[in-house]
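Structure record follows, encoded as structure tokens.
Because only heavy atoms are used, hydrogens play no part in the values below, and waters and symmetry mates are left out as well, while side chains stay in. Only a predicted model underlies this, so the values are computations on that prediction, with no experimental measurement involved.
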Amino acid sequence: MKVIQTVHELRTKIYEMKRQKQNGAMAADQIIVGFVPTMGFLHAGHASLLQRARRECEIVVLSIFVNPLQFGPNEDFERYPRDPEKDLALAEQCEVDFVFMPETAEMYPQPMKTKVIVAELTDTLCGASRPGHFDGVATVVAKLLNIVEPDKAYFGLKDAQQVAVITQMVEDLHIRSTIVPCPIVREEDGLAMSSRNVYLSAEQRKQALILSQALQNADQWLAEDNNVDALEKRIRNFIQTAPLAEIDYVKALYYPSMQENNHLDQQLLIAVAVKFGRTRLIDNRLIELNR
């Protein structure tokens, strides 16, 4: 595993590894590059992405970069958890080939005059409650995809809206990468794995289980009353039984269009964002329709 900090070196090393594999009699179209972009503080959810990339690809690239463009002025960029030594140990366990760990000045050597905006899909959920967030996400992911040029890029569905936004961007801009959505990884008690879970106190951590419990009930509640508004209300009422829960949103949307009334979609996304103290957690459930 090689740790790389510059765009030039990463491109050079990927090219060199492709050449080596071709010299070893592999056809060029067999050399699949897999990419997992992250902001670090890796956990088992990230490991699952890396392990899948390792199974499916000849070359695996991991990026670790806390992207300032996707944080608002009152958000937790400075206090976002960082542990590069632990991250590199996990990357090595997952047999990553290259870890791209650029400084901010490498990714943004001058003030950005260009940004990527994905319309409509970002008008709701985290896009509504965190204005500009997905502009920052789309911009940095576009840069990373252009740098790495992966055949496959792996994203966790814990942020299902992000997956929809990135997939749309890739399709609209004819970026050659395939976006691979991967299932949410949870703790044994059901809490969705997140780098921000480390901020939770013991009592907040206990009460945060209300999110996965509410989502687990969604199938039954939807079956009992096939009404999206009623479903949102039941989930909201259930979450509010946790005294420390401060709800940002509870929303059911068709996926991946992120619309309220698009019955052409085959899935319903039930998404929640809830704060426990200063820690904002997101979680979701995708329900197949017309089963």
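A 4.5 Å side-chain heavy-atom check between Met169 and Leu121 finds every atom pair outside the cut-off. Residues Ile247 and Gln240 are in side-chain contact: their nearest non-hydrogen atoms beyond the backbone lie under 4.5 Å apart. In this structure the side chain of Val250 reaches within 4.5 angstrom of the side chain of Ile239, judged on heavy atoms. The side-chain heavy atoms of Tyr254 and Leu289, taken from C-beta on, include a pair separated by under 4.5 Å. Looking at Val163 and Tyr255, their side chains come closer than 4.5 Å, going by heavy atoms from C-beta outward. In this structure the side chain of Leu145 reaches within 4.5 angstrom of the side chain of Ile175, judged on heavy atoms. For the pair Asn197/Thr279, no side-chain contact is recorded, criterion being any heavy-atom separation below 4.5 Å from C-beta on. Side chains of Arg11 and Val7 form a contact here, defined as non-hydrogen atoms less than 4.5 Å apart.
Checking side-chain atoms of Gln5 against main-chain N and O of Glu103 turns up no donor-acceptor pair under 3.5 Å. Judged purely by atom type and a 3.5 angstrom limit, Tyr108 has no side-chain atom pairing as donor or acceptor with the backbone of Pro68. With hydrogens and angles ignored, the 3.5 Å screen pairs no side-chain donor or acceptor of Lys158 with any backbone N or O of Ser194. A donor-acceptor distance shorter than 3.5 angstrom exists from the side chain of Asp87 to the backbone of Phe41, with no hydrogens or angles considered. A donor-acceptor distance shorter than 3.5 angstrom exists from the side chain of Arg54 to the backbone of Glu58, with no hydrogens or angles considered. Judged by distance alone, with hydrogens and angles left aside, the side-chain atoms of Asp97 form a donor-acceptor pair with the main-chain N or O of Val60 at under 3.5 Å. Panel note: side chain Asn284, backbone Leu157; a donor-acceptor pair is recorded below 3.5 Å. Judged purely by atom type and a 3.5 angstrom limit, Gln161 uses its side chain to pair as donor or acceptor with the backbone of Cys126. Checking side-chain atoms of Ser177 against main-chain N and O of Ala153 turns up no donor-acceptor pair under 3.5 Å. Judged by distance alone, with hydrogens and angles left aside, the side-chain atoms of Thr139 form no donor-acceptor pair with the main-chain N or O of Gly136 at under 3.5 Å.
Taking each heavy atom of Gly34 and Cys57 in turn, the nearest pair found is CA-SG, 3.5 Å. Closest of all the heavy-atom pairs between Cys182 and Arg52 is SG-NH1, 3.8 Å. When all heavy atoms of Pro102 and Ile64 are compared, the closest pair comes out as CD-O, 3.7 Å. Heavy-atom minimum distance, Leu88 versus Met1: O-CE, 3.5 Å. Smallest separation of non-hydrogen atoms from Ala91 and Val99: CB-CG2, 4.0 Å. Nearest heavy atom pair, residue Asn227 against residue Asp229, reads OD1-N, 3.0 Å.
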Exercise. When you look at Leu253 and Asp265, which way does the side-chain contact (heavy atoms from CB on, under 4.5 Å) test go after all the steps?
Worked result: CA-CA 10 Å; Leu253 298 167; Asp265 288 306; over 6 Å; no

Exercise. Going through the checks in order, is the side-chain contact (heavy atoms from CB on, under 4.5 Å) test met by Ser63 and Val148?
Worked result: CA-CA 10 Å; Ser63 69; Val148 178; over 6 Å; no

For this session: Might you work through the salt bridge (Lys or Arg N to Asp or Glu O under 4.0 Å) test for Arg196 and Asp76, ending with a clear yes or no?
Result: CA-CA 10 Å; Arg196 289 185 168 92; Asp76 60 350; 3.0 Å; yes

Exercise. Under the side-chain contact (heavy atoms from CB on, under 4.5 Å) criterion, do Leu144 and Met107 qualify, and how do the steps go?
Worked result: CA-CA 9 Å; Leu144 288 167; Met107 288 297 291; 3.9 Å; yes

For this session: In sequence, state the C-alpha distance, the side-chain angles, and the governing distance for Ile59 and Phe98, and then conclude on side-chain contact (heavy atoms from CB on, under 4.5 Å).
Result: CA-CA 8 Å; Ile59 300 172; Phe98 302 115; 4.1 Å; yes

Exercise. Checking salt bridge (Lys or Arg N to Asp or Glu O under 4.0 Å) for the pair Asp219/Arg285: CA distance, chi angles, key distance, verdict?
Worked result: CA-CA 9 Å; Asp219 272 290; Arg285 179 93 182 269; 2.3 Å; yes

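In this view, Phe77 and Phe71 satisfy the ring-ring contact (aromatic ring centres under 6.0 Å, His included) rule, not counting sequence neighbours. Under the salt bridge (charged side-chain N to carboxylate O under 4.0 Å, His left out) criterion, Arg236 pairs with no residue, sequence neighbours left out. Applying the side-chain contact (heavy atoms from CB on, under 4.5 Å) rule to Ala128 yields no partners; only residues at least two apart in sequence or on another chain are considered. Glu188 meets the salt bridge (charged side-chain N to carboxylate O under 4.0 Å, His left out) test with no other residue; sequence neighbours excluded. Residues satisfying the side-chain contact (heavy atoms from CB on, under 4.5 Å) test with Lys206, not counting sequence neighbours, are Glu203. The salt bridge (charged side-chain N to carboxylate O under 4.0 Å, His left out) check on Glu9 picks up Lys2, with sequence neighbours excluded. Contacts of Gln267 classified as side-chain hydrogen bond (donor to acceptor under 3.5 Å, both in side chains), with partners at least two apart in sequence or in another chain: Glu288. Qualifying salt bridge (charged side-chain N to carboxylate O under 4.0 Å, His left out) partners for Lys152, counting only residues two or more places apart in sequence or in other chains: Glu56.
Hydrophobic clustering (side-chain heavy atoms under 4.5 Å, transitive across Ile, Leu, Val, Met, Phe, Trp, Tyr) keeps Ile31 apart from Tyr154. Residues Leu286 and Val165 fall within the same hydrophobic cluster, defined by Ile, Leu, Val, Met, Phe, Trp and Tyr side chains chained together at heavy-atom separations under 4.5 Å. Note on Val137 and Leu69: same hydrophobic cluster, where clusters join Ile, Leu, Val, Met, Phe, Trp and Tyr whose side-chain heavy atoms are under 4.5 Å apart, directly or indirectly. A continuous path of Ile, Leu, Val, Met, Phe, Trp and Tyr side chains, each step under 4.5 Å between heavy atoms, connects Leu281 with Leu244, placing both in one hydrophobic cluster.
Sorted by first and then second residue, the ring-ring contact (aromatic ring centres under 6.0 Å, His included) pairs involving residues 6-39 (not counting sequence neighbours) form an empty list. Note on residues 161-181: pairs passing salt bridge (Lys or Arg N to Asp or Glu O under 4.0 Å), not counting sequence neighbours, are Asp151-Arg176. Residues in residues 25-41 take part in no side chain to side chain donor-acceptor pair (under 3.5 Å) pair, two or more places apart or across chains. For the salt bridge (Lys or Arg N to Asp or Glu O under 4.0 Å) condition, the pairs that include at least one residue of residues 271-281, sequence neighbours left out, are Asp248-Arg280.
To the nearest 0.5 Å, atom NZ of residue Lys115 and atom CG of residue Asp135 are 5.0 Å apart. Here the CD1 atom belonging to Ile282 is positioned 9.0 Å from the CG atom belonging to Leu125, to the nearest 0.5 angstrom. Rounded to the nearest 0.5 Å, atoms CD1 (Ile4) and CG (Leu10) are 5.0 Å apart. To the nearest 0.5 Å, atoms CD1 (Ile235) and CD (Gln213) are separated by 13.0 Å.
Enclosure of atom CD in Glu224 by more than 12 non-hydrogen atoms of other residues, nucleotides or ligands within 6.0 angstrom is indicated.
Side-chain polar atoms of Glu16 and Gln20 form no donor-acceptor pair below 3.5 angstrom. Residues Asn67 and Tyr80 have side chains that never bring a donor and an acceptor to within less than 3.5 angstrom of each other.
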